[in-house]
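Report on the structure given below.
Throughout, residue positions are numbered sequentially from 1 according to the sequence presented. Side chains are part of it too, since the values below use all heavy atoms of this structure and drop only hydrogens, waters and symmetry mates. As the structure lists them, so they are numbered: ligands from 1, and atoms in each ligand from 1.
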Amino acid sequence: MQSLQSIRGMEDLFGDSLKKWSWVESQIQKVFHAYGYEEIRTPAVEPEALFKRGVGEGTDIVEKEMYSFKESDSESAQRVVLRPEGTAPVVRALIEHKLLQVLPQKVFYMGPMFRKERPQKGRYRQFFQYGFELFGEASAASDFESLLLVAKIYKAVGLTSFEIQINTLGDPEHRDRYRAKLLEYFQSHASQLSQLSQERMSKNPMRIFDSKSPEDQKICEGAPLFTDFLDGEALAHWEELKTFLAEASFPWKLNPRLVRGLDYYTRTVFEIVDTGGNLGSQNALGGGGRYDGLTKDLGGPQVPALGFAGGMERLLLALGEKIPTLPPRFELGVVAIGEKSHRLALGVVERLRDLAISVDIDPDSKKSPKAHFKRADRMKAPLVWILGDEEINQGLVKIKNMQSGEEVTHNLKSQENLRQSYVDLLSTLIKAR
Ligand code: HAM
């Protein structure tokens, strides 16, 4: 029979790569906690309407990348999707549970998202995001604090090769004015634009900036700049943020063409770009920005908000070998020779596990000493405890260091309660490593 395989663009995670992944997650969680963010978990399946209204009908995500199906077989069943991103679901949950009545709200999430994109290095159909969303802070100071948090995430995992690009998209009225001017400009160059950009022109001319075609990019260079259309409070917000960044000597780069692929953004937007070269064309490690209109658009109160999400797979690719050495799976392996020693060893092992020490022992006492040694080797425990009749009779603890091959014998303090004496000495030796 033909064997079954995972879905294209959806990966299995296991072994050392998952260990690295967990370490990265734990580092990121520490940063979120330091800024007072609490975890939120929302379902993987949401109403399709949430993203149509939240992310936007004209976006690539909603138009062609969602896994969409009917919730049930009934005629009237709504269409649901595997969530393509985390912001709209978080907003939905906070509105639904009336959590936007007490502000600020700070939540973070980690979990799988789904987009039916063409898989390639750094781009998957199931990918994991780590993200945070902040509700109830309107000031430029909170934009600045969020950017500090984002930079801290990458520092916490040891990544130095990244750049933070920032832009402003103003308020909806600025965007409308800009969009109209931009449309005029691109229309006058329509014949030189790629097919994709021509399609994007009518839906959202700002998305033409995302085109990878060199011809399109040349035309983009001459396009009007958004900042020329900014005024009033949105301009003041932008200027204030730039002052914060300058005063803190925060490293950032203005990217006037940064528009982001989701419709909910207002004012500040940003993207973290990997500059280490491990990612190829999919070099956006994460992105985010302010979305002051989304809570209202999704049926909640008007609450200023800001957030960010990064891609876990891309971060791990960018880190490459830079992750520190991870602890081994087992701290101790056991070679117990003979029925009596094996029985004693099993009791000791369970007590050590009560102390949260990870120990491997072959449960089958009938196997040969050679088989036990082979297993200890395979399990890659740094220390192996060797126990036979002789060691029991003389009250000895024999430990082999698997790296150096050296064997050291220790004396038990007491032979009265043999099992406890073994537990005490072994746990001390392991913790002292
Ligand atoms: P996004 O830019 O669509 O933003 O996604 C954020 C990050 O998720 C990307 O920078 C990338 O690292 C990763 N990512 C996206 N698509 C894929 C994919 N197909 N394969 C691998 N990684 C991927 C958002 O999702 C917004 N919700 C961010 C946000 C939060 N804005 C405000 N709050």
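Of the possible donor and acceptor atoms, none in the side chain of T168 sits under 3.5 Å from a partner among the backbone N and O of W238. A donor-acceptor pair is defined here as one N or O able to donate and one able to accept, closer than 3.5 Å; such a pair exists between the side chain of S358 and the backbone of R329.
Polar contact check, G86 against ligand 1: no nitrogen or oxygen pair lies under 3.5 Å apart. For the pair R115 and ligand 1, the shortest N or O to N or O distance falls below 3.5 Å. Not a single N or O atom of E271, backbone or side chain, sits closer than 3.5 Å to an N or O atom of ligand 1. At least one N or O atom of L285, backbone or side chain, sits closer than 3.5 Å to an N or O atom of ligand 1. For Y109, no nitrogen or oxygen atom sits less than 3.5 Å from a nitrogen or oxygen atom of ligand 1, counting backbone and side chain alike. Checked by distance only, ligand 1 and G311 come closer than 3.5 Å through their nitrogen or oxygen atoms. Remark: ligand 1 and A284 share an N or O pair separated by less than 3.5 Å (distance only, no angle test). An N or O contact shorter than 3.5 Å is missing between E313 and ligand 1 by distance.
Contacts of Y291 with ligand 1, taken as heavy-atom pairs under 4.0 Å, involve the side chain alone. The residue Q282 has no part lying near ligand 1, judged by heavy-atom distances below 4.0 Å. Of all the heavy atoms of Y264, the ones lying under 4.0 Å from any atom of ligand 1 belong exclusively to the side chain. At a heavy-atom cutoff of 4.0 Å, ligand 1 is contacted by no atom of R125, backbone or side chain. Under 4.0 Å from ligand 1, the heavy atoms of R260 that appear belong solely to its side chain.
Between F144 and F244, the distance separating the two ring centers is shorter than 6.0 angstrom.
For the pair K106 and Y35, the cation-pi test (distance below 6.0 Å, angle within 45°) is failed.
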